[in-house]
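Please read the structure below before turning to the comments.
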There are 2 protein chains.
Amino acid sequence: MRKHNSTNALNEQAILDQCGMAYTLSLIGGRWKPSILWALIRNDKVRYSHFKKVIPEISDRILALHLRELEADKLIRRVVYAEVPPRVEYELTDLGRSMEVMLEQMTTWGAFHKEAVKGSAT
Amino acid sequence: MRKHNSTNALNEQAILDQCGMAYTLSLIGGRWKPSILWALIRNDKVRYSHFKKVIPEISDRILALHLRELEADKLIRRVVYAEVPPRVEYELTDLGRSMEVMLEQMTTWGAFHKEAVKGSAT
DNA sequence: CAGCATCCAATGAGATACTG
DNA sequence: CAGTATCTCATTGGATGCTG
């Protein structure tokens, strides 16, 4: 059977359900989500254009897409100012803030791991 | 320019370099890696066939592939017993153990987030 | 400025069959 | 038992151009 309705997607669903860890990964697992989150953590409010400044390589599509996903996951909030030159700011929600420690730990561990591997890790 | 040597890959490299968080994600970011790691955390030694028991949906290819990656990243160790019926056991390295707390935190946060979103998250 | 829409490329994952 | 090889498909990410 070649044409099933995506084993991949089904599998993912199953995993997300059974393992909170995979669930978490799915929330922050986009290519650029770490960078976006990071920018939000360091700055209270971030404008669309600011994202593009701190993450120059990202494309509009991906940025907008990831922002929407994060918003849908209640991690960030989108604040629109109905002004003449459109202005939109993004900020972390409480939920978003609640993952700061986790993200910092990931950063720390990542650095630690990188060191260990470079050296003579077991 | 359509045919560069993978912007995607280059981007990923750049991210990994600047952000330990993304680096960490890249280590545990495979579809099944969480499950594999989880199995390793709960059991000291896990045989190839055991993985397939606890993760029935995984295919041989992906399992072997992920195991190799984790091994390359020094997170797990592959112990081969040159016996008549081939036996191979996998276990966490010290480095692998060092991420237990992080993974647990991710699990906890994931559960927390799931609850929050289900309710009336901000 | 902020952001969609369309289209294309690259990666990751799955099925199946075969081997030491 | 514990894989490997090949091949295909799904998903994700990227480039470009257009709009309110």
Side-chain angles (χ1 to χ4, degrees), chain A residues 1-16 22 25-36 45-72 76 78-90, chain B residues 1-16 22 25-36 45-53 55-71 76 78-90:
Chain A
M1 68 203 249
R2 188 64 53 71
K3 219 318 191 155
H4 27 31
N5 153 29
S6 174
T7 314
N8 195 353
L10 293 176
N11 279 344
E12 172 145 38
Q13 234 0 83
I15 297 174
L16 295 190
L25 281 174
S26 76
L27 294 182
I28 58 181
R31 163 88 78 251
W32 298 99
K33 280 191 190 162
S35 306
I36 293 176
K45 293 170 178 297
V46 181
R47 297 185 56 174
Y48 188 89
S49 53
H50 183 69
F51 279 120
K52 303 198 54 170
K53 248 173 283 177
V54 298
I55 319 174
E57 311 94 330
I58 201 171
S59 65
D60 278 326
R61 193 180 102 88
I62 301 302
L63 177 54
L65 216 129
H66 280 177
L67 287 172
R68 302 240 158 295
E69 284 179 24
L70 292 170
E71 194 192 353
I76 65 175
R78 187 160 170 267
V79 184
V80 183
Y81 299 84
E83 300 172 351
V84 185
R87 186 156 65 100
V88 180
E89 286 180 350
Y90 294 88
Chain B
M1 66 206 257
R2 190 62 55 69
K3 219 318 185 158
H4 26 30
N5 153 29
S6 174
T7 314
N8 196 353
L10 293 177
N11 279 345
E12 173 143 40
Q13 234 1 83
I15 298 174
L16 295 191
L25 281 173
S26 76
L27 295 182
I28 58 180
R31 165 85 78 250
W32 298 99
K33 280 190 189 162
S35 305
I36 293 176
K45 292 169 180 298
V46 181
R47 297 186 54 174
Y48 188 89
S49 53
H50 184 68
F51 279 119
K52 304 196 52 168
K53 246 172 285 177
I55 319 175
E57 311 94 330
I58 200 171
S59 65
D60 278 324
R61 191 180 106 86
I62 301 301
L63 177 54
L65 215 128
H66 278 177
L67 286 172
R68 301 239 161 295
E69 285 179 22
L70 292 170
E71 196 192 353
I76 65 175
R78 187 160 170 267
V79 184
V80 183
Y81 298 84
E83 299 174 350
V84 186
R87 187 154 66 98
V88 179
E89 287 179 349
Y90 295 88

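- A distance of 12.5 Å separates CZ of B:Arg78 from CG of B:Leu70, quoted to the nearest 0.5 Å.
- If you measure from atom NZ of A:Lys53 to atom C1' of C:dC1, you get 11 Å, rounded to the nearest angstrom.
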So A:Leu67 and A:Tyr90, side chain to side chain contact (heavy atoms under 4.5 Å, CB included) or not? Walk me through it.
CA-CA 9 Å; A:Leu67 287 172; A:Tyr90 294 88; 3.6 Å; yes

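- Among the atoms of the strands shown, none is found under 4.0 Å from any heavy atom of A:Phe51.
- In this structure, the OH atom of A:Tyr90 is 8 Å from the P atom of C:dA2, given to the nearest Å.
- At a non-hydrogen distance threshold of 4.0 Å, B:Pro86 from residues 80-88 of chain B come into contact with DNA chain C.
- Residue B:Arg47 has a polar side-chain atom (N or O) positioned under 4.0 Å from OP1 or OP2 of D:dA2.
- Under the salt bridge (charged side-chain N to carboxylate O under 4.0 Å, His left out) criterion, B:Arg68 pairs with B:Glu71, sequence neighbours left out.
- Within residues 59-69 of chain B, the residues that place at least one heavy atom under 4.0 Å from DNA chain D are, in residue-number order, B:Asp60, B:Arg61, B:Ala64, B:Arg68.
- Comparing D:dA2, D:dG14, D:dT11 by their closest approach to the side chain of B:Ser49 singles out D:dA2.
- The separation between B:Asn8 atom CG and C:dC8 atom P is 18 Å, rounded to whole Å.
- The stretch residues 25-32 of chain A does not touch DNA chain C, since none of its heavy atoms comes less than 4.0 Å from the strand.
- Rounded to 10°, the helix from C:dC1-D:dG20 to C:dG20-D:dC1 has 50° between the axis fitted to its first five pairs and the one fitted to its last five.
- Scanning both residues, B:Pro34 and B:Ile28, for their nearest heavy atoms gives CD-O, 3.7 Å.
- In this structure, CD of A:Glu12 is placed 7 Å from P of D:dT12, rounded to the nearest angstrom.
- Within the structure, every side-chain polar atom (N or O) of B:Tyr48 is placed at least 4.0 Å from both OP1 and OP2 of D:dT4.
- The nearest whole Å value for the distance from the CD1 atom in A:Ile58 to the P atom in D:dA15 is 11 Å.
- To the nearest 0.5 Å, atom CG of residue A:Asp60 and atom CG of residue A:Leu65 are 11.5 Å apart.
- Within the 4.5 Å cutoff, the side chain of B:Glu83 has heavy atoms near those of the B:Pro85 side chain.
- Taking 4.5 Å as the limit, some side-chain heavy atom of A:Trp32 sits within range of a side-chain heavy atom of A:Glu57.
- Interatomic distance, NE2 of A:His66 versus CD1 of A:Ile76, reported as 11.0 Å (0.5 Å rounding).
- Rounded to whole Å, atom C1' of D:dG13 lies 14 Å from atom CD1 of A:Ile55.
- The shortest distance between side-chain heavy atoms of A:Leu63 and A:Ile36 falls below 4.5 Å.
- Remark: B:Arg47 engages no residue in a salt bridge (charged side-chain N to carboxylate O under 4.0 Å, His left out) (not counting sequence neighbours).
- For the pair B:Leu16 CG and C:dT11 P, the interatomic distance rounds to 14 Å; values are reported in whole Å.
- Separating the NZ atom in A:Lys52 from the OG atom in A:Ser59 is a distance of 8.0 Å, to the nearest 0.5 Å.
- Between A:Ile58 and A:Arg31 there is no side-chain heavy-atom pair separated by less than 4.5 Å.
- The NZ-P distance, from A:Lys33 to D:dG13, rounds to 8 Å in whole Å.
- Of all non-hydrogen atoms in A:Lys33 and A:Gly29, the two that sit nearest each other are CD-N, 4.4 Å.
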